[in-house]
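Just so you know, ligand 1 is whichever comes first in the structure, and atom 1 is the first atom listed for that ligand. Numbers for residues simply follow the sequence, beginning at 1.
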Amino acid sequence: MADTLYIVVPCYNEEAVLPETSRRLGDKLSALTAAGKITPESRVLFVNDGSKDKTWALIQELHEKDSRFLGANLSRNRGHQNALLAGLMTAKDRCDAAVSMDADLQDDIDAVDGMLERYAEGCDIVYGVRSSRKKDTFFKRFTAEAFYRMMDCMGAETVFNHADYRLMSRRALEGLAEFREVNLFLRGIVPMIGYNTGVVEYERGERFAGESKYPLKKMLAFALEGITSLSTRPIRMVTGLGFLIFLISILMLIYSIYRWATGATIIGWASVICSVWAIGGLILLSLGVIGEYVGKIYLETKARPRFLIQELLEDTDETDS
Ligand code: UDP
Ligand code: MG
C-alpha cells in the first residue's frame with residue numbers, strides 16, 4: 001500500500017536553482033507515483049524563508065502551473081532550521097512521511113527511493129548520510145568534518161556526515177512537535193526521538209547554481225548553537241578548569257611561602273604578569289561560556305514562536321478527505 005510523501009524544501013534566495021530543482025523534484029514524484037511507491041496526493045512543499053529575491057514569486061508560479069507544488073511563505077527570514085521546522089510541521093498533518101532536503105539538490109534525490117524502502121521496512125526515521133565528500137572543496141570538507149568531530153567531543157551527539165536530508169514518518173514528526181525548544185538544532189534533536197531508524201548512503205554533489213547560504217561565519221555560529229543547545233559539557237569543562245587552577249594555586253602558595261622564607265621574593269615580575277593575564281583570560285572565557293547558556297535560558301523562557309507562516313499555497317479544489 002502506497003503512502004503520501006511530502007518533500008520539504010527550505011529556500012532562501014534560491015531563484016537561481018528553483019526552476020531546475022522543481023523540474024527534477026516533479027519528475028521524481030511522477031516516477032515514484034508511477035512505480036506505485038507513493039500516492040498521487042504526494043507533494044513538494046517549498047518554504048520561502050524571507051527571501052529577498054524572486055523566490056516566492058517563482059514558488060507561486062510553480063503552484064499555479066502544477067498543483068503538486070505547494071508553498072509556505074514565512075513572515076520573515078528565520079534561518080534554515082526554523083524554515084525546515086515550519087515545513088515539517090505543515091507537512092505533519094497532511095502526509096504519511098516527509099523528506100527534507102536543500103533547495104540546491106546537493107543531496108542526491110535518488111536516495112529518496114532507498115529512504116522509502118527503509119520506511120516500508122518499518123523505519124520511522126531514515127538518515128541520509130554522505131558516503132564521501134569528494135566533490136566538496138578541501139576547505140568545506142575540512143571545516144565540515146571538524147564540525148562533526150568538535151560536536152562529538154563537546155558531548156553533542158549527532159549522526160556523522162548527516163545533514164538535514166532525512167525521511168521522517170508521521171509518527172516521528174509528531175514526536176518532533178513535542179520538542180518545544182526555541183534554540184533549534186534539528187540534527188541533534190531528531191536522534192532523541194528514537195523509534196526504528198535506518199541509514200541511506202549517497203554521494204553529495206556540488207551546488208549547481210547560486211551561492212552557499214552557509215558561509216564560514218554562519219557555520220561557526222551553527223556549531224556553537226548545536227553544542228550549547230545539546231550538551232552542558234562546556235560548563236563542566238569550565239568547572240574542571242577552575243578546579244585545576246585551584247590546585248595549581250595551592251602549589252603556588254606553598255612555593256611562595258618557601259621563597260619568602262628563603263628571602264628571595266622580589267624577582268618574579270614576569271610570572272605575576274603572566275598569571276594575571278592568563279587567569280583574567282580564563283575568567284572571561286568561562287563567563288562567556290556560562291553567558292551562552294544563560295542567554296539560551298532567557299530565550300527559552302520567552303518561548304517565542306519559532307516561525308510564523310504568512311501565506312500557505314495549498315490544493316484548493318480537493319474533493320477527497
Ligand atoms: N536556507 C534557509 N534559510 C537561511 C539559509 C539557508 O532556508 O537563512 C536554506 C537554503 O535555501 C538551502 C538550505 O538552507 O535550501 C541549505 O543552504 P546551502 O545549500 O546554502 O548550505 P550548504 O549546502 O552550503 O551548507
Ligand atoms: Mg547546499
Give me the residue, atom name and distance of the protein heavy atom closest to atom 18 (P) of ligand 1. Arg207 NH2, 3.4 Å
For atom 9 (C) of ligand 1, which protein heavy atom lies nearest, and how many Å away is it? Pro10 O, 3.9 Å
Going by heavy-atom distance to atom 12 (C) of ligand 1, choose the closest among Glu14, His80, Arg78, Gln106. Glu14
Please tell me whether Tyr202 and Tyr165 form a close aromatic pair, meaning their ring centres lie under 6.0 Å apart. yes
Atom OG1 in Thr90, atom CZ in Arg43: separation rounded to 0.5 Å? 14.5 Å
Under 4.0 Å, heavy atoms only, figure out whether ligand 1 is touched by the backbone of Asp49, its side chain, both or neither. side chain
So which heavy atom in the protein is nearest atom 19 (O) of ligand 1, and how far is it from that ligand atom? Asp104 OD2, 2.5 Å
Ignoring hydrogens, what is the shortest heavy-atom contact between Gly87 and Leu45? Give both atom names and the distance. O-CD2, 3.4 Å
What do you reckon, does Ala83 have a nitrogen or oxygen under 3.5 Å from a nitrogen or oxygen of ligand 1? no
Who's the nearest protein heavy-atom neighbour of atom 22 (P) of ligand 1, and how far? Ser212 OG, 3.8 Å
Starting at NZ of Lys37, measure out to CG of Asp3 and round the result to the nearest 0.5 Å. 13.5 Å
Mode of Cys11 contact toward ligand 1 - side chain, backbone, both, neither (heavy atoms, under 4.0 Å): backbone
Per-atom contacts, ligand 1 versus Lys218 - under 4.0 Å to a heavy atom: 5 (C), 8 (O)
Provide, to 0.1 Å, the distance between atom 21 (O) of ligand 1 and the closest protein heavy atom, together with that atom's residue and name. Tyr214 CD1, 3.3 Å
Check: Thr21 side chain, Ala103 main-chain N or O, donor-acceptor pair, under 3.5 Å: yes
Result for side chain to side chain contact (heavy atoms under 4.5 Å, CB included) between Phe46 and one of Asn73, Leu18, Leu70 points to Leu18
Nearest-neighbour protein heavy atom for atom 1 (N) of ligand 1, which is reported as residue plus atom name and distance: Tyr12 CB, 3.7 Å
Is it true that a side-chain atom of Thr4 and a backbone atom of Cys95 form a donor plus acceptor pair closer than 3.5 Å? no
For Ser30 and Arg68: C-alpha separation, side-chain torsions, deciding distance, then whether side-chain hydrogen bond (donor to acceptor under 3.5 Å, both in side chains) applies. CA-CA 10 Å; Ser30 310; Arg68 293 178 307 164; 3.0 Å; yes
Starting from atom 6 (C) of ligand 1, what is the nearest protein heavy atom, named by residue and atom, and what distance separates them? Lys213 CB, 3.6 Å
Shortest reach to atom 8 (O) of ligand 1 by a heavy atom, considering only Asn82, Asn77, Asp164: Asn77
What residue and atom, counting heavy atoms only, is the protein's closest point to atom 25 (O) of ligand 1, and at what distance? Lys140 NZ, 3.3 Å
Can the ring centres of His162 and Tyr127 be said to be less than 6.0 Å apart? yes
Quick check for you: with the Mg ion (ligand 2) as the vertex, what angle do OD2 of Asp104 and OE1 of Gln106 span, to 10°? 100°
Close side-chain approach of Glu121 and Arg118, heavy atoms under 4.5 Å: yes
